[in-house]
Number of protein chains: 2
Amino acid sequence: MTMRQDIHSSGIPVLCQSCEARHRGVCGALDAEQLAGLAKTSSRHNVEPGVELIGDAETVDNYSNLLSGVVKLTKSLSDGRQQIVGLQFAPDFLGRPFKAESAINAEAATAVSVCSFPKAAIERIMKESPELEHRLLKQTLNELDEARDWMVTLGRKSASEKVASFLLMIARNIDPALDPSAQSTSFDLPLIRADIADFLGLTIETVSRQLTRLRSDGVIRIENNREVTVDNLTRLQRRSGV
Amino acid sequence: MTMRQDIHSSGIPVLCQSCEARHRGVCGALDAEQLAGLAKTSSRHNVEPGVELIGDAETVDNYSNLLSGVVKLTKSLSDGRQQIVGLQFAPDFLGRPFKAESAINAEAATAVSVCSFPKAAIERIMKESPELEHRLLKQTLNELDEARDWMVTLGRKSASEKVASFLLMIARNIDPALDPSAQSTSFDLPLIRADIADFLGLTIETVSRQLTRLRSDGVIRIENNREVTVDNLTRLQRRSGV
DNA sequence: CGCATCGTTGAACGCGCTCAATATCAGTGG
DNA sequence: CCACTGATATTGAGCGCGTTCAACGATGCG
């Protein structure tokens with residue numbers, strides 16, 4: 001896929017040539033020179049589902065761009081209860097600037113590929129380029145909006161509304177170009193039942209029961225436990241509590 | 001209270017002289033000249049409890065600094081169910097940059113005083129002063145951390161743990177200098193029971209029952225429904241689910 | 001005084017949890 | 001091929017936490 005090309009022809013490092021983060025991600029804030037400097041110390045990795053990317057209370061010395069796959073952000077109580085507090089999709093930026101330690105855990109929910117760079121490199125560029133900080137602020141504000149939306153779901157919605165809301169949210173994120181007026185979609189669930197439960201503040205059993213209820217009511221179809229088809233998005237939305 | 005003083009003596013506008021936002025708030029990012037420019041179009045207001053500061057889906061053309069009091073950020077479902085998705089304390093910045101409409105509702109929970117400025121003025125300064133955006137990014141990241149902490153509380157804690165967590169969070173915010181090793185504090189609850197319920201995803205009755213339980217267990221004392229004294233912070237923390 | 005707001009307390013119900021059994025599938029090795 | 005294992009998911013039965021509905025108390029204000 002990747003074509004060999006002289007760096008100097010475009011000024012953009014080979015690593016970054018076809019990288020989506022250069023367009024919609026934070027790297028779009030950088031000029032060719034900054035990209036080149038950053039690319040020297042950055043590297044791509046492919047990660048299996050379940051692998052921890054950032055450990056709780058662990059010193060973080062890397063930031064990353066998520067290039068493909070889904071990453072779940074989790075927090076845990078001392079007795080093991082767990083809550084997923086965010087999902088990240090490509091081309092999100094992974095990492096918590098201005099704090100030495102991360103208070104949350106980031107784990108690959110699906111197969112994932114990331115581009116990571118040393119923390120110091122990013123922070124240096126941030127100082128000299130306000131545009132990078134601007135993009136980070138925008139992403140952070142969006143994440144805050146999403147977090148607050150989920151607080152409503154967690155605090156005030158019933159189990160069936162939670163599951164419907166979850167499916168809608170996934171559908172919109174897997175297929176960002178999804179027309180709001182579209183009436184059907186299908187997608188692969190990036191999370192297993194246990195993760196969905198941890199995301200919605202429910203148990204596995206309740207998630208399963210609500211999914212089968214949606215299925216027997218004809219709102220969705222499920223194949224191989226993962227592939228979901230929504231034939232009537234409006235009906236699903238009506239069940240999400242709006 | 002406010003003393004008349006020649007602006008040129010210090011270069012700092014009278015309005016801002018004794019303003020806390022100039023130290024810990026976003027105005028600390030501005031130099032005397034920028035402050036002077038901003039002060040021309042800004043104004044202080046005192047607001048009664050219950051008054052709406054930013055309406056849902058309403059066009060926002062003002063940003064504000066919260067100077068005193070507590071503001072609650074709420075979101076509602078179409079059938080009236082409500083969730084408080086954040087509390088703001090002085091000297092927080094109020095407003096959602098980069099979006100014409102606010103998706104949330106901001107309402108004074110206590111008596112509140114704010115300093116508001118036209119949206120355009122802030123956005124102009126933001127373009128020329130990266131430091132302002134830097135402070136906003138920091139506040140937004142902190143709010144995101146808090147939101148995610150509450151997602152754990154909403155999704156995974158029991159009613160009694162929720163109430164204990166709430167009291168601890170209030171104690172820490174009312175008295176930011178509260179020594180973590182301190183064993184007692186007392187404070188006024190900035191929220192009535194209905195608000196606490198909306199914050200914790202519970203009903204008024206459950207909040208009331210959990211508070212009386214904490215009281216009869218000797219963990220807290222309550223006077224006039226509002227003044228809470230915690231004699232043993234460690235005991236309260238043990239009940240918060242960590 | 002009446003009225004409104006806020007808070008507490010009680011009784012009964014029901015949603016979602018807990019515990020347990022069963023199903024399904026992939027991988028692994030005989 | 002079957003047997004075995006482990007991970008994931010579904011389904012059932014019963015229970016308990018938090019809700020719902022209702023009554024009552026406390027306080028402030030006209």
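FYI, side chains are in, hydrogens and waters are out, and symmetry mates aren't considered; it's all heavy atoms of this structure. Every chain is numbered from 1, with letters handed out A, B, ... down the list of sequences.
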Compare side-chain N and O positions of B/Arg193 against OP1 and OP2 of C/dG7 and report whether any pair is under 4.0 Å apart.
-> yes
Classify the nucleic acid contact of A/Gly50 as base, sugar-phosphate or nothing, counting any heavy atom under 4.0 Å across all strands shown.
-> nothing
Side-chain donor/acceptor contact of B/Arg209 with base of C/dG10 under 3.5 Å | yes
Within less than 4.0 Å of OP1 or OP2 of D/dT19, is there a side-chain N or O belonging to B/Thr203?
-> yes
Go through the side-chain N and O atoms of A/Glu227 and A/Ser186 and say whether any donor and acceptor fall under 3.5 Å apart.
-> no
Is a salt bridge present between B/Asp217 and B/Arg239, judged by a nitrogen-to-oxygen distance below 4.0 Å?
-> yes
Is the backbone of A/Ser240 close enough, under 3.5 Å, to the side chain of A/Lys157 for a donor and an acceptor to pair up by distance?
-> yes
Would you indicate what A/Thr212 reaches in the nucleic acid, counting non-hydrogen atoms under 4.0 angstrom: base, sugar-phosphate, or nothing?
-> sugar-phosphate
Just call it for A/Leu202: base, sugar-phosphate, or nothing, with non-hydrogen atoms closer than 4.0 Å on any strand.
-> sugar-phosphate
Please check the phosphate of C/dG16 (OP1 and OP2 only) for any side-chain N or O of A/Thr206 closer than 4.0 Å.
-> no
Here the gap from B/Ser165 atom OG to B/Leu236 atom CG, rounded to the nearest 0.5 Å, amounts to 8.5 Å
Going by modelled atom types, is there a donor-acceptor pair between the base of D/dC17 and the side chain of B/Gln210 at under 3.5 Å?
-> no
